[in-house]
Amino acid sequence: MNLKKVILPIALFIIGTAASFGQGIVTRPTKPKTMQNNTASKKKAQTQQSLSASEMFERGYAEYESGNYTEAAKWYRKAAEQGNADSQNALGSCYYYGYGVLQDYSEAIKWFRKASEQDYAEAQYNIAVMYDKGEGISQDYSEGVKWYRKAAENGHVEAQCELGKRYNFGRGVLQDYTEAIKWFRKAAEQGNADAQTLLGIKYCNGEGISQNYSEAIKWIRMAADQDYASAQATLGLLFYRGQGVPQNYSEAAEWYRKAAEQGQVEAQGNLGIMYCMGQGVPQNYSEAAKWIRMAAEQGDAVAQCNLGLMYYNGEGFTQDYKEAERWFEKSATQGNQNSIKMLQILQMKKGN
């Protein structure tokens, strides 16, 4: 290993990382589909003595939007007790997040179940998320899949994407790339940036579908144009490698920058390396150190190793073996083999 210049090559893990599992998020109360600001229906909800359940829901949402969560929960409850599915789901969200009520996952899932009994897709999705996370109920990935499927079949776009992920990774269901692609495509065609990215990655890797870089770029760019950081980072990697597009370091750096500015960890680390190497950007060790540190502080093992190497080499910083060792140790605890080797080298230096 060249000790004078041992910065690692560009990280090659973004495509796999962009397809990382992740988890869904319980939805917050959403705007009534028929409600418009300052409409006659809103005025009616404020003045009429006997309100319908849908009007109570609209009033609850207006209070929620104003930050009056206690009043919002009160109106949601009134409507929910009359069987209004919108309000049952919204009240479940209030209990889940502690909006206007004490946080209570058991109450949250109770109200989500009531709404789901009316085939309310968002509530079905929320139940799936809670099974996935084991919140208010025993963690059960198979049950999670069952509820994601119910919501997905009712057209819930996030559920379609999440169901695709379960098939992609074989969590709660047998791994099946063909099924994963089917559900990614359904969500992608509705504009879901996560699904567009994942579908593009399947085309890129040729998993469950014939490898097709043109299709990969098409879907990933759709997501990137929505300012979706994982897609931007993946597009940066494709430009770096010249996969599906002519190799272009300047384009790679630009896409990495878009993602890095949103906190996307691999993009931060890779943009830093490009500054270190002078690829697509002027060589600038200070900029390299800035971006690599951002990724390292998010816990990325490759970035932690690279930050250690910069301290070791005295690039972007005053040479500091102690600080280098600190970052190598952080990285090595995550199993990074390069950091383990560097710690051994440092130990040998101490022995001399």
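For the pair Y256/W291, no side-chain contact is recorded, criterion being any heavy-atom separation below 4.5 Å from C-beta on. Contact check for Y311 versus E325: no side-chain heavy atoms found under the 4.5 Å cut-off. Contact annotation: the side chain of S93 approaches that of N126 to within less than 4.5 Å [non-hydrogen atoms, C-beta and beyond]. Between R166 and Q175, the closest side-chain pair of non-hydrogen atoms is not below 4.5 Å.
A single hydrophobic cluster is not seen to contain both L309 and I340; linkage of ILVMFWY side chains at heavy-atom distances under 4.5 Å, directly or through other members, places them apart. When hydrophobic clusters are built by joining Ile, Leu, Val, Met, Phe, Trp and Tyr residues whose side-chain heavy atoms come closer than 4.5 Å, directly or via intermediates, Y95 is not grouped with L102. L198 and V157 end up in different hydrophobic clusters when Ile, Leu, Val, Met, Phe, Trp and Tyr side chains are linked at under 4.5 Å. With hydrophobic clusters built from ILVMFWY side chains whose heavy atoms lie under 4.5 angstrom apart, Y148 does not share a cluster with L174.
A donor-acceptor pair under 3.5 Å is absent between the side-chain atoms of S331 and the main chain of W327, judged by distance alone. Between the N89 side chain and the A85 main chain, no donor and acceptor come within less than 3.5 Å of each other. Of the possible donor and acceptor atoms, none in the side chain of S116 sits under 3.5 Å from a partner among the backbone N and O of D119. With hydrogens and angles ignored, the 3.5 Å screen pairs no side-chain donor or acceptor of N154 with any backbone N or O of H156. Side chain of E63 to main chain of N68: no donor-acceptor pair is present (N/O by atom type, distance under 3.5 Å, no hydrogens or angles). N313 contributes no side-chain N or O that, together with a main-chain N or O of E315, makes up a donor-acceptor pair within less than 3.5 Å. The backbone N or O of Y167 sits nowhere less than 3.5 Å from a side-chain atom of R171 that would complete a donor-acceptor pair. Although no hydrogens or angles enter the test, the distance criterion places no donor-acceptor pair under 3.5 Å between the side chain of D300 and the main chain of A296. A donor-acceptor contact shorter than 3.5 Å is absent between the side chain of Q226 and the backbone of N192.
Using modelled atom types, one finds no donor on one side chain facing an acceptor on the other under 3.5 Å when comparing Q160 with E158. Side chain to side chain, N168 and E207 fail the donor-acceptor criterion of an N or O pair below 3.5 Å. With hydrogens and angles left out, the side-chain atoms of Q262 and Q232 include a donor and acceptor closer than 3.5 Å. Side chains of Q196 and E189: a donor-acceptor N/O pair is absent below 3.5 angstrom, by distance only. Y228 and D194 are linked by a side-chain donor-acceptor pair at a separation below 3.5 angstrom, with hydrogens and angles left out of the test.
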Exercise for the section: Take Y285 and Y275 through the test ring-ring contact (aromatic ring centres under 6.0 Å, His included) and record every step on the way to the result. Expected result: CA-CA 7 Å; Y285 289 133; Y275 270 111; over 10 Å; no

Practice task
Check the pair E122, Q124 against side chain to side chain donor-acceptor pair (under 3.5 Å), reporting the backbone distance first and the verdict last.
Solution key: CA-CA 5 Å; E122 194 164 293; Q124 293 167 338; over 6 Å; no

Exercise for the section: Give the C-alpha distance, both sets of side-chain angles, the deciding distance and a yes or no for side-chain contact (heavy atoms from CB on, under 4.5 Å) between F317 and E323. Expected result: CA-CA 10 Å; F317 308 100; E323 192 66 9; over 6 Å; no

Practice task
Apply side-chain contact (heavy atoms from CB on, under 4.5 Å) to S54 and D86, showing your working.
Solution key: CA-CA 8 Å; S54 61; D86 287 316; over 6 Å; no

Handout entry: Pair M56-Q82, side-chain contact (heavy atoms from CB on, under 4.5 Å): steps then yes or no
Key = CA-CA 10 Å; M56 290 177 186; Q82 290 187 30; 3.4 Å; yes

Exercise for the section: Go through the steps to decide whether Y321 and Y312 satisfy the test ring-ring contact (aromatic ring centres under 6.0 Å, His included), and finish with yes or no. Expected result: CA-CA 5 Å; Y321 291 152; Y312 184 93; 5.1 Å; yes

Practice task
Give the intermediate values and the outcome of side-chain contact (heavy atoms from CB on, under 4.5 Å) for residues Y141 and D132.
Solution key: CA-CA 5 Å; Y141 296 141; D132 236 13; 3.4 Å; yes

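Test Q243, Q247, R221 against L238 for side chain to side chain contact (heavy atoms under 4.5 Å, CB included) and you get one pass: Q243.
Here the closest non-hydrogen pair linking G136 and I109 is O-CG2, 4.4 Å. Closest approach of A289 and L307 over heavy atoms only: O-CD1, 4.4 Å. Nearest heavy atom pair, residue A303 against residue A295, reads CB-CB, 3.4 Å. Of all non-hydrogen atoms in G299 and Q334, the two that sit nearest each other are O-NE2, 2.8 Å. Of all heavy-atom pairs spanning A151 and Y125, the tightest one is CB-N, 3.7 Å. The two atoms that bring I273 and I292 nearest to each other are N-CD1, 4.1 Å, heavy atoms only.
We find that K110 and D104 are not joined by a salt bridge, their nearest charged nitrogen and carboxylate oxygen being 4.0 Å or further apart. Using a cut-off of 4.0 Å between Lys/Arg side-chain N and Asp/Glu carboxylate O, E71 and K74 are scored as salt-bridged. No salt bridge links E117 with K114; every basic N to acidic carboxylate O contact stays at or beyond 4.0 Å. Using a 4.0 Å cut-off between charged side-chain N and carboxylate O, E261 and R257 make no salt bridge. Salt bridge absent: E329 and R326 never bring a charged side-chain N and a carboxylate O closer than 4.0 Å.
The aromatic rings of Y64 and Y61 are tilted relative to each other, their planes meeting at an angle between 30° and 60°.
Between atom OG1 of residue T178 and atom CD1 of residue I209 there is a gap of 8.5 Å, rounded to the nearest 0.5 Å. Going from atom OH of Y69 over to atom OH of Y97 covers 11.5 Å, rounded to the nearest 0.5 Å. Interatomic distance, M130 CE to I127 CD1, rounded to the nearest 0.5 Å: 9.0 Å. To the nearest 0.5 Å, atoms CH2 (W75) and CZ (R59) are separated by 4.5 Å. Here F169 contributes atom CZ and K165 contributes atom NZ; the two are 8.0 Å apart, rounded to the nearest 0.5 Å.
You'll find the ring centres of Y213 and Y203 outside the 6.0 Å limit. Between Y96 and Y105, the gap from one ring centroid to the other is short of 6.0 Å.
In this structure, R185 has no salt bridge (Lys or Arg N to Asp or Glu O under 4.0 Å) partners at least two apart in sequence or on a different chain. Residues meeting the salt bridge (Lys or Arg N to Asp or Glu O under 4.0 Å) test with E251, sequence neighbours left out: none.
Judged by a 6.0 Å distance limit and a 45° cone about the ring axis, K202 is positioned over the six-membered ring of Y177.
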